[in-house]
Every structure is written in C-alpha cells, then in structure tokens.
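The structure under discussion appears below in the form of structure tokens.
Values below: all heavy atoms of this structure, side chains included; hydrogens, waters and symmetry mates excluded. Everything numeric here is computed off the predicted structure, so don't read it as measured data. All chains are named by letter (A, B, ...) in the order of the sequence lines, taking the proteins before the strands, and each is independently numbered beginning at 1.
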There are 6 protein chains.
Amino acid sequence: MSTALEKGRAWVAEMNPTLEQVLSERYDDLVPEMAETLIEWAYGRHYTRGGVDMKTRQLCTIAALTALGGQTTPQLKINIEHTLAAGASEREIVEIIWQMAVYGGMPAAINGLNAAKEVFQAA
Amino acid sequence: MSTALEKGRAWVAEMNPTLEQVLSERYDDLVPEMAETLIEWAYGRHYTRGGVDMKTRQLCTIAALTALGGQTTPQLKINIEHTLAAGASEREIVEIIWQMAVYGGMPAAINGLNAAKEVFQAA
Amino acid sequence: MSTALEKGRAWVAEMNPTLEQVLSERYDDLVPEMAETLIEWAYGRHYTRGGVDMKTRQLCTIAALTALGGQTTPQLKINIEHTLAAGASEREIVEIIWQMAVYGGMPAAINGLNAAKEVFQAA
Amino acid sequence: MSTALEKGRAWVAEMNPTLEQVLSERYDDLVPEMAETLIEWAYGRHYTRGGVDMKTRQLCTIAALTALGGQTTPQLKINIEHTLAAGASEREIVEIIWQMAVYGGMPAAINGLNAAKEVFQAA
Amino acid sequence: MSTALEKGRAWVAEMNPTLEQVLSERYDDLVPEMAETLIEWAYGRHYTRGGVDMKTRQLCTIAALTALGGQTTPQLKINIEHTLAAGASEREIVEIIWQMAVYGGMPAAINGLNAAKEVFQAA
Amino acid sequence: MSTALEKGRAWVAEMNPTLEQVLSERYDDLVPEMAETLIEWAYGRHYTRGGVDMKTRQLCTIAALTALGGQTTPQLKINIEHTLAAGASEREIVEIIWQMAVYGGMPAAINGLNAAKEVFQAA
C-alpha cells in the first residue's frame, strides 16, 4: 500500500470514518478502485500535507466550492460537515460563503448559503 | 458617506493604501464611482465583517480565484500580495493553491502556482 | 443610511416590494446585514446607475445567468420575473436565452428555456 | 431545405428518431424553429462532419459535459444514451467520466458518475 | 444554399463585411466549412431572428461574455466593436460590463472593463 | 513506492519522458512532491486504468480542456502534443475541438482552434 493511501485513510478515520466504505459500495463496481483513488488523492496527497491547519484547509474548500457555483452543492454539503468536524463554527462557514459573492457572483453565494442552511438544520 | 464605504477605506488604508486612487484613475472616467463602489462592496461589506480573521479570509480568496481558473490571474496576483500582507507565508499560499487541484482540476492549480511564482519572484 | 442603500430600496419598492423582507427573514440570522448589503450593492450600486434603461439591464442579466449555466436557475427565475416587470415580453426573454447557445453552449440555453417555461406557466 | 439540416435529420433518424419531434413540441411555440436549428447545428454541422467515428465523438461529448459540471446533467444523460447507441460500453463511458476528475475536479467527476448510474439503472 | 446561411451573410455584410473571409482564411484549411458554419449558426440562426433589436442583442452578448470571465476576451473585443456598430454608446457598453460584477463576480467585471478600454483606445 | 506512481512513471516514460523532471524543477521547491503527486494521480490513477485506448482518452481530454474555455490553454497545448504522440491526426484533434462549439460555446471552440494552430505550426 502506498504511503499516500495510508495517510489518506488515517485522515478519513478521524474526520469521516465510513467515507471509504460508502464510496466503495456506491462506485467501485462501476469504476474499480474509485474509492481508494479518491482517498489517496484528496486526503493522502492534499489534506494531510501539513503547512496549513485543517480548519483553514476546510474553509478554503468551502470558498472554492461556493465560487464554482451551485453544481457542486452535494460536495459543498459534505465539506460543510467536514469543516464543522475540523472545529469551525457555523458563523465562520457562512462568513466565507458570503464573501464569495465578490469573486463568484451573488447567485453562487446565495446557493452556498442555502446549502449551509440545509446542513445546519439537518444537524 | 456610508459606514460601509468608511470601513472599506479604513481596510484599504492598511492593506493597499493606493488601491482606491489606482482604481479611480483607471476606471472612474469610464464608469463613474467604480472605485468607491468596489471599496464599499468588497472591503466595507465583506473583508471587514469580522467573524473570521483576515489571513483566513485572504487564503479563502486565493482558493476561490484558483478554482475559478486562469481567467482571474490578475486578481489572483493582487490577492496573493494582500495575503502576504495579512501575514500568510508563501508556503501557506501555495499549499492552498495546490489543494485546489481536487476541486477545480489540475490545470487550474498549475495556473495558480504559476501566478504565485511570478508574484514571489517579483517581490 | 448610505445613498446607495436608499437608492436600492427605492428600486426594490417598485420592482419587488417584499424582496428585502424575504431576504432578511431568510438570511439575516445567519449572515447579519445580508439583505441590506444585497440591496445596496445589486440595486443601489448597479441597476439604478442610469445610462441604460431597466428593460435592457434586465435582459442583459438574463443573458448572463443563462450563459453561466443551470446552476443559477433560482436566480434566473427571479430575474425573469423582474424582466417581465420591467416591461419585456415573454418573446424577448426567450429570444435572449436562446441566443446564449452561441456563447454558453447548447446545454446552457436549453436549461434557460426550461426555467423560462416554468416561470411563464406559473404566472 | 439546407444540406446541413438534411444531414442532421438523417443522423437523428438513426440515433434518436423522436428527438426533433420532442424538441419541437416542447420548444417551438416559445422559440420558433428551435428544433430544426438544433438539429441543423449540432448534428448537421458537427456530428456528421466525418473525420472521427461516432463513438469517439460521443465519448468526447461525455468528457466535456462532465468537466463542465453538474449543471449540464440533463444533457449528459441524453448523451450517455446516444453514446451507448453509438456502440460504447458502460465501462468506456464511466472511464471517461472518471478521468475528468483530473481536468474538471473531483465534484464534476462524481456528479458525472451519478448521472451515469441513473441512466444505466433506468435502462 | 440554406436560407439561414443567406440571412447570416446579409447580416455580416452590414456589420462586419470581411468577417467570413477572415474566418475562412484563418480556419477553413484546418476545419473545412468552419467559416460558413459560424455565419449560418451565429448570425443566420440567432442575430437575425427578430423579436429583439440588434443593439439589445449585442448588449446581451457583452453581458454573457463578461460574466463568462476573461477567457473569452478576444470574442468580447470583437463583440464590443459589433455593439458600437449596432448603435450602442461606449457608456452603455461599460454600464453592462460593470453590472456583471453582481452575477459573474468582480474579477470578471474588471477583466471586461479592461477589454473595453483597449477597444475604445484603439478606435 | 506506490504501484500507482510506478504505473504513472511508466506511462510518462513513453509519452513525455522529461515531464516529471520538468515539473520537479519548476514546482517541487515551492510545493514538495508536486511532480510525483501529479504523475501518480493523472497518469498512474487515470490514463493507465485501461478500458479505453490511449488515443480516445487523449481526445476526450482535448474535448474537456476546450469546453472549459481559454483559461486552460497551456494544458490544452501540452495535451495536443500528447494526443499526437498517442497516434491521433491533426484532423481528428481539430474535429473534436470544433465540436465543442455545441457544448462550451463558440468562443471556447475558437480559442481551442487557435491553440491547435500554434502547436501544429511549432511542430
């Protein structure tokens, strides 16, 4: 097993313990090794690099997914959960989403706020 | 004068003191009040809201401008300068840019790294 | 109160009288001052600038929201209502949406036509 | 009748025989000649040009619609059907969708896989 | 020859008489019939449809190309020229570009203003 | 060393033998392990998966990078070279680029054709 995959699995074990299994059951029949590839790449090769604390990395992901517009809503919601798990407050999350009105336009920011409301209300 | 405009001007005075004048000379003939509108909106209504520290807000802006792709390179460069001025290290900036490969794709991340290199080398 | 906020409120009073209240009830708990910021910026600082009549400004907004793709559908629908309120016909609105096939691609145009059909049928 | 329109209609007759009628009933009242314009342009002027076989053209369309993100999901689904009709296997389609994680980011690829699952399960 | 191609050529004869020849010399060796396809589609099938006057259609194109971001700068510049030819003033063009800050974000609007400045200064 | 990294390096050895070294010299000081991460992810985890031949995978990459618009021009050019190396003809490449007018809009397709012309003329 690669070190990157090991590091990614360690991250996931802490932040979202069922993630690899959920992905594997949903996608691996269709796309062999999809789950381990995603864990290795996103978490083993990025989130665990160090140099920036996890809460800041997660808020930056929120920023990007908001600015990219409403088409990434499912991923934005999962990352709002990860960002809460990394210690951010609801207030910090919506501040960053709202700031994106400057860079991605008002519709992107409003779609992001709506996603956050849904996550907070379901919690 | 609106409070938002006042707050924006106070932010700009600290982070980039010539910004309003540069914008005004470049755009106000063409688009009356462009400079004060931008200061009021981006800085008076967003960066100065509180709830998130300035360094984190700036890193989130880096994330968004990278994920949006190479078309925002001029704005990415200015914000890399603002992010350094807000106390981030070069390392923190490139970590966030590189993380965007996961969300905006590899080309967006590489274009972002190239913009950062140009800013760091010109400093 | 800023002049821009006053001008924005005057615009909203005519085009969509409950807009600030709706936004405020939906978002201000989460993001303090969201509603007045949006009114000040979008309507006080843009739609009320003059130089272009309101119907043309609204048709240009339809063009942009269509070209940006289906992720801005909720905002496209609200702006289709504003564009009708500004005196445009249904025909003018769909002509502009369809023209966007050239600039944003066929899927964006078709998604825009579907949004228009839903608004027209609900009216 | 233009040659391009004739060529487009011949393509559609083979790949999706009811397409022009479906489009016409849905859109032509609103946007006169929408259906024939789409057939002429997309199929008469592009898919029937030659130089590249139909299966490869269709897989390239899958790639583009995935990379453009979730907002083109309805068009992605129709094109997954056309790509199966052009002789591609389910495996080939999901391989191309998953590859788009490199260029359009992970959320775009995952949204694409979800669209493919829905089409395959409905078949 | 198709009616759409004839109508497109008539439009081009008035607005930009050398366009088809320029496109043909630049692209037809590489992509046979590219020039006539573009004229037929963009101008024969869209700009000449009627229902909206040419100046409004052109301003809507400016809106879309600005909101789509800096990657369409060459096409934005050509369309700024077409929009002036259709009777719009420089002021009207920059008003629409600046309005796009609300929908496409501030970087998109600033890139659009820079494109307009270059066109106006070269005129 | 991970299997994915090994597989990626084998691919690169054949298609673009200096790629890892070029990336490493350009980026690894700034972003440690950037080069090996890119090789592992893009080539070890995607291009070498099998199920689709390399020429088709490369043409699909051309499609995506064209549809994403001019901001990915540097990556489009490198991939046009890889696509020629995978056995595609210039004609096949421009056919796919031009087809993207339907999905990414006319400006994206024209920017893509311009990139292809530059690569072909430099060869």
Side-chain angles (χ1 to χ4, degrees), chain D residues 4 8 11 37-69 71-76 78-79 82-83 86-106 108-109 112, chain F residues 4 8 11 37-69 71-76 78-79 82-83 86-106 108-109 112:
Chain D
W11 185 94
T37 300
L38 187 152
I39 302 296
E40 178 187 83
W41 162 242
Y43 303 112
R45 285 296 196 177
H46 289 278
Y47 283 86
T48 54
R49 286 179 57 86
V52 177
D53 65 280
M54 197 56 68
K55 182 175 133 183
T56 303
R57 281 198 185 272
Q58 281 293 156
L59 287 168
C60 288
T61 296
I62 299 300
L65 291 175
T66 302
L68 285 167
Q71 80 249 41
T72 57
T73 299
Q75 292 78 31
L76 177 56
I78 291 166
N79 276 284
H82 290 183
T83 307
S89 67
E90 293 191 359
R91 174 75 193 281
E92 288 172 309
I93 289 168
V94 296
E95 283 294 330
I96 294 305
I97 290 174
W98 180 230
Q99 181 180 327
M100 292 305 111
V102 183
Y103 301 105
M106 193 59 91
Chain F
W11 186 94
T37 300
L38 186 151
I39 302 296
E40 179 187 81
W41 162 242
Y43 302 113
R45 284 297 195 177
H46 288 279
Y47 283 87
T48 54
R49 285 179 56 86
V52 177
D53 66 279
M54 197 55 70
K55 181 174 133 183
T56 303
R57 281 198 185 272
Q58 280 292 155
L59 286 168
C60 287
T61 296
I62 298 301
L65 292 176
T66 301
L68 286 167
Q71 80 249 42
T72 57
T73 299
Q75 291 78 30
L76 178 56
I78 290 166
N79 275 285
H82 290 182
T83 308
S89 67
E90 293 191 359
R91 173 75 192 281
E92 288 172 308
I93 290 168
V94 296
E95 284 295 330
I96 294 305
I97 291 174
W98 180 229
Q99 180 180 327
M100 292 305 111
V102 183
Y103 301 105
M106 191 60 88

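Of all the listed residues (F:Ala88, F:Gly50, F:Gly104), the one sharing the greatest number of non-hydrogen pairs under 4.5 Å with chain D is F:Gly50. By number of non-hydrogen pairs under 4.5 angstrom with chain F, the leading residue of D:Lys55, D:Arg91, D:Gln75 is D:Arg91.
Partner of F:Glu92 under the side chain to side chain contact (heavy atoms under 4.5 Å, CB included) criterion, chosen from D:Val52, D:Thr56, D:Asp53: D:Val52.
Between D:Asn79 and F:Tyr103, some side-chain heavy-atom pair lies under the 4.5 Å cut-off.
The minimum heavy-atom distance linking F:Ala64 with D:Ala63 is given by the pair CB-O, 4.2 Å. Between F:Met100 and D:Cys60 the shortest heavy-atom distance is CE-O, 4.0 Å.
Classification of the F:Trp98-D:His46 ring pair by plane angle, with boundaries at 30° and 60°, yields tilted.
The side-chain contact (heavy atoms from CB on, under 4.5 Å) search around F:Ala108 returns none, not counting sequence neighbours.
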(message) If you apply the rule side chain to side chain contact (heavy atoms under 4.5 Å, CB included), what do you find for D:Glu95 with F:Arg57, and how did you get there?
(response) CA-CA 9 Å; D:Glu95 283 294 330; F:Arg57 281 198 185 272; 2.6 Å; yes
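If you measure heavy-atom distances from F:Leu65 to chain D, the contacts under 4.5 Å come from the side chain alone. Interface remark: F:Thr61 contributes backbone and side-chain atoms alike to the contact with chain D (heavy atom separation under 4.5 Å).
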